[in-house]
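One structure below.
These numbers come from the heavy atoms of this one structure, side chains and all, not from hydrogens, waters or symmetry mates.
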Amino acid sequence: MYILSMAIGYFGLRYIELSISSPISNFSGAVSTLLTFFLLGGTMDGIQFGAVVIISIGIFLLSFFEKQEFNRELKAEGQKIEKKYKIRAVAIIFPILRCIIDGLGPFLDGYYLEFNQLMSED
């Protein structure tokens with residue numbers, strides 16, 4: 001899953017800047033946590049769930065503000081934003097896919113090792 005997510009992430013960098021893609025892609029820890037909570041019956045108290053929500057909002061806001069700052073810098077320098085880097089569905093789908101697939105890795109580890117009791121993760 002990790003190798004597939006990295007391939008998708010690198011492919012997607014042709015359409016979106018790394019400074020915008022990276023925060024979205026690194027949301028995978030929260031994805032893994034939420035998958036474990038909802039699909040495997042993992043436990044989280046209110047503070048833990050709140051922390052995941054706050055981190056999630058923060059990651060997406062960071063990406064949004066980074067894009068705005070990047071555009072401001074280009075305008076100040078008199079440069080034109082390349083068409084391929086304008087946020088479109090094709091641009092944003094790659095970091096989101098990378099995030100989900102990368103989050104599936106630890107989730108599947110837990111599923112196969114602990115939930116199915118094939119062996120201990122240790």
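Here the side chain of Ser32 pairs no donor or acceptor atom with the backbone of Ser28 at under 3.5 angstrom. A donor-acceptor pair under 3.5 Å is absent between the side-chain atoms of Glu69 and the main chain of Glu66, judged by distance alone.
Both Ile93 and Met1 are assigned to one and the same hydrophobic cluster, defined by single-linkage of ILVMFWY side chains at heavy-atom distances under 4.5 Å. Ile55 and Phe64 sit in two unconnected hydrophobic clusters of ILVMFWY residues. Membership requires side-chain heavy atoms under 4.5 Å apart, directly or through other members. Connection of Val53 to Ile47 is not established within any shared hydrophobic cluster, with ILVMFWY side chains joined at heavy-atom distances below 4.5 Å, either directly or through further cluster members. Residues Tyr112 and Phe37 do not share a hydrophobic cluster, defined by chaining ILVMFWY side chains whose heavy atoms lie under 4.5 Å apart. Residues Leu34 and Ile54 are members of separate hydrophobic clusters, defined by side-chain heavy-atom contacts under 4.5 angstrom among Ile, Leu, Val, Met, Phe, Trp and Tyr.
Atom OG1 in Thr43 sits 13.0 Å away from atom CZ in Phe49 (nearest 0.5 Å). With rounding to the nearest 0.5 angstrom, the CD1 atom of Ile96 is 12.0 Å from the CD1 atom of Ile101. A distance of 10.0 Å separates CD1 in Ile8 from OG in Ser25, rounded to the nearest 0.5 Å. The distance from the CZ atom of Phe27 to the CG atom of Leu62 is 13.0 Å, given to the nearest 0.5 Å. Between the CG atom in Leu104 and the CG atom in Asp109 there is a gap of 10.5 Å [rounded to 0.5 Å]. Distance CD1/Ile100 to CG/Asp102: 11.0 Å, rounded to 0.5 Å.
Using cut-offs of 30° and 60° for the angle between ring planes, the Phe94 and Phe11 rings count as perpendicular.
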Item to check | Derivation of the side-chain contact (heavy atoms from CB on, under 4.5 Å) call for Asp45 and Gln48 | outcome: CA-CA 5 Å; Asp45 61 26; Gln48 292 168 323; 3.3 Å; yes
Next on the checklist: What verdict does the side-chain contact (heavy atoms from CB on, under 4.5 Å) test give for Phe107 and Leu39, after you've listed the backbone C-alpha separation in whole Å, the side-chain angles of each residue and the deciding distance to 0.1 Å?
Outcome noted: CA-CA 10 Å; Phe107 167 76; Leu39 299 180; 3.9 Å; yes
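Within a 6.0 Å radius of OH in Tyr2, no more than 12 heavy atoms belonging to other residues, nucleotides or ligands are found.
For the pair Ile59 and Ile24, the tightest heavy-atom approach, listed with the atom from each and the gap, is CG2-N, 4.0 Å. Across every non-hydrogen atom of Arg98 and Ser5, the tightest pair is CG-O, 3.1 Å. Shortest non-hydrogen contact noted between Leu35 and Gly103 is CD1-O, 4.5 Å.
A 4.5 Å side-chain heavy-atom check between Thr33 and Met44 finds at least one atom pair inside the cut-off.
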